[in-house]
Number of protein chains: 2
Amino acid sequence: MSDKRRSTRRRRGSEQPTLQQVADAAGVSAITVSRALNAPERVNAATRIKVLATVERLGYVPNLVAGSLASARSRFIAVIVPSLANAVFIEVIHGLQETFEREGYQILLGNTDYDIEREYQLIRTFLGWSCSALVTAGLRHSEACRSLLTHWDKPIMEVMELGDALDLNVGLDHHEAGRCMARHLLAQQYRSVVYVGACLDRDYRARMRFEGHREVLHAAGLEAPMIELDQLGSLDAGATGLERVLSRYPSTNAIHFANDDLATGALLRAQRLGMTIPGDIAIAGFNGLPLGQHVTPRLTTIRSPRENMGRLAAEEVLKRLDAKRVTRRRHDVGFELLVGDST
Amino acid sequence: MSDKRRSTRRRRGSEQPTLQQVADAAGVSAITVSRALNAPERVNAATRIKVLATVERLGYVPNLVAGSLASARSRFIAVIVPSLANAVFIEVIHGLQETFEREGYQILLGNTDYDIEREYQLIRTFLGWSCSALVTAGLRHSEACRSLLTHWDKPIMEVMELGDALDLNVGLDHHEAGRCMARHLLAQQYRSVVYVGACLDRDYRARMRFEGHREVLHAAGLEAPMIELDQLGSLDAGATGLERVLSRYPSTNAIHFANDDLATGALLRAQRLGMTIPGDIAIAGFNGLPLGQHVTPRLTTIRSPRENMGRLAAEEVLKRLDAKRVTRRRHDVGFELLVGDST
DNA sequence: CGCTATCATGTTAGCGCTAACATAGTTTTA
DNA sequence: TAAAACTATGTTAGCGCTAACATGATAGCG
């Protein structure tokens, strides 16, 4: 029970060298190696070169877990999206990833499948990873989630939509987008317009667009019928949507779809059925995905700056992380009506 | 310099309670709280309930970084793909994510943009996070990357293609897929067939398919011209591809595209140009994306079981992590020729 | 030439958690 | 009924790294 009581009872998964071993091999202290790697300017050039050579020689890979624990911060950014099936989120993620990776941050990606409870679970887990910031899609969260986040002191970025955000906000006004398309359809003299969406309780931004749409139609003294599909945005669902409109509202002359996937699915189905667009029926979408611009007739839609939204969101978060500089909290990335030949 | 020399000099970002605080509040030791959370069956039911109630009451969120350091393993799975722009990888990721998340693993997603050096960098970083396993797309890696990985003792899964893998392998035979489609085109009596791909040096699986294709055409005594685009799979690139074929090989009667995006882009462009498919020109793709099945004529393509591939890969990795059970190392998920109306 | 300022590096003490061993209480077994 | 086996919980010692402070060397200054 003397000094002999050494501590050999330790695991050690692989035989990865540690910082200390690099330090010993280089003839410096551990902290110098740490600094040579993480804050090179704080180390004399000659020492730095010697240390980095040793790092190379031993094949040292820093244990980021240990580093994060010691410094109480990781270079993780939690990113939470409601779906991976939708190209929109992929592009936003892409914009985020590019920008964050350039600064050495790693994205932790979570997918809620449009389930607000799942968001809470994911956020809990992510907080446990000492993320440097959180980027999440949307402004609606569960109560538990809100209270968790209000006690959190790192940047929180809510993207996609605009409104009363917890912290930072980059997005666009979905009500206004819905109004915009409805006005366009009315201006084109369509009077019998159906809105078709999918799972609007979960994809509530699509519902917001519907509300804008309905407002405009009501203001013009028109009905605003709506059909809700139970399969989230897909070409298949769009085809189903078209058929349902045709059987339920046969006199319809325009369909306003909640997104481009649905709209394109409907457009392709209509063509397969031998219908003329926009002669027999006009079709409009939302998102401005490339697909809609490749079909003939080109789809009338609303383009949202998706990758840009990701990039801007990342930049704003980075600004905050850098200097805690006070930045504008809300950024409206806007949208653009893209008039194709389908309306 | 007596006992007074207490350690108050510690940061502590947010006022998150620690395991110890939960333990104190619940009147047990820290390890009991740890067990109540991570191995509930090792704690008496009454104690467990008491502890979990305290956890709830204090809003305790486990510090996963500390846990990972102490246990030398994180519940991270590194996943590396060459692109997010391609729906194929999204679907594989989806399959992986679903399966891994169910078992409480978190995916660390890396995107190489088809750059093999970038893969090495990403893997280095990911190893630093003590990932439990690595899933990467493809069998080709840089030398540095190979040597890094051969010294790593956790499961490595290479997906998408089949062959001489480092460890586990789930994929399909791209040479054979190329051959399969070429045989189909020959069987349909097309004799002047061009292969169109994009960035085949980076997307080398597309090149493998081309090689299979060429093999079959040569065996039939035919030329196998190829056009390489410099923009990765997109509808736009496909349209360009079509135009380039028409101008360079005007007598072509079938185009074998490296993937469905290209093929569909070409098909839609052909239609816009007023061409008949397959009358004027036949078009074939690869992947079996839904899009290709919604256009008219339906695209002839090869369906790969994408989500399945992700799911199977994840399951095999999990088996390994669970029990180190010896599993089959190589799984051929196969593919299926989907004869549409475009050939 | 003593004083402070700056630079380069080192020492110490944890970050919050869990593995491994230790201990006490309870049940089983021969 | 004592030893063995199991159950429930605790104690101890780090995991590998970095923050904060400490130290020593050199430079700058009037």
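No experiment lies behind these values; they were computed from the predicted model shown.
- Distance B:Arg35 CZ to D:dT9 P: 9 Å, rounded to the nearest Å.
- The number of heavy-atom neighbours closer than 6.0 Å to CD of A:Glu56, taken from other residues, nucleotides and ligands shown, is 12 or below.
- The side chain of A:Arg42 contributes no N or O atom lying less than 4.0 Å from OP1 or OP2 of D:dA19.
- Remark: A:Ser34 is in phosphate contact with D:dT18, judged by side-chain N or O atoms under 4.0 Å from OP1 or OP2.
- Within the helix from C:dC1-D:dG30 to C:dA30-D:dT1, the inter-axis angle between the opening and closing five-pair segments is 30°, rounded to 10°.
- Taking 4.5 Å as the limit, some side-chain heavy atom of A:Glu316 sits within range of a side-chain heavy atom of A:Leu312.
- Counting to the nearest Å, the P atom of C:dC15 and the CG atom of A:Leu69 are 9 Å from each other.
- Considering only heavy atoms from C-beta on, B:His141 stays 4.5 Å or farther from B:Leu148 through its side chain.
- Using a 4.0 Å heavy-atom criterion, one finds that A:Arg73 contacts the sugar-phosphate atoms exclusively.
- Distance CG (A:Leu64) to C1' (D:dT18): 13 Å, rounded to an integer number of Å.
- For C:dT18, the OP1/OP2 oxygens have no side-chain nitrogen or oxygen of B:Ser71 closer than 4.0 Å.
- A straight line from CZ of B:Arg75 to C1' of C:dC17 spans 16 Å, rounded to a whole angstrom.
- Rounded to an integer number of Å, the gap from A:Lys50 NZ to C:dA8 C1' is 12 Å.
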Worked check of ring pair (Phe, Tyr, Trp, His ring centres under 6.0 Å) between A:Trp129 and B:Phe76: CA-CA 11 Å; A:Trp129 284 113; B:Phe76 279 136; 4.1 Å; yes
Salt bridge (charged side-chain N to carboxylate O under 4.0 Å, His left out) between B:Asp167 and B:Arg329, worked out: CA-CA 7 Å; B:Asp167 184 7; B:Arg329 306 204 145 212; 3.6 Å; yes
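- Judged purely by atom type and a 3.5 angstrom limit, A:Arg73 has no side-chain atom pairing as donor or acceptor with the backbone of A:Ser130.
- One interatomic measurement links the two molecules: CG of B:Asn63 to C1' of C:dT18, which rounds to 12 Å at whole-angstrom precision.
- Regarding contacts with the backbone of C:dT18, a side-chain N or O of B:Asn38 is found under 4.0 angstrom from either OP1 or OP2.
- Within the 4.0 angstrom heavy-atom criterion, only backbone atoms of the sugar-phosphate kind lie near A:Val28; the bases stay farther away.
- Listed pair A:Thr47 / C:dT9 meets the phosphate criterion, a side-chain N or O lying under 4.0 Å from OP1 or OP2.
- For the pair B:Asn44 and B:Ala66, both in contact range of DNA chain D, the more 5′-proximal nearest nucleotide belongs to B:Asn44.
- An OP1 or OP2 oxygen of C:dG10 is reached within less than 4.0 angstrom by a side-chain nitrogen or oxygen of A:Thr32.
- Looking at heavy atoms from C-beta onward, A:Leu139 lies in side-chain contact with A:Asn169 at the 4.5 angstrom threshold.
- Going from atom CD1 of B:Ile31 over to atom P of C:dC17 covers 11 Å, rounded to whole Å.
- If you take CG of A:Leu19 and C1' of D:dA19, they are 14 Å apart, rounded to a whole angstrom.
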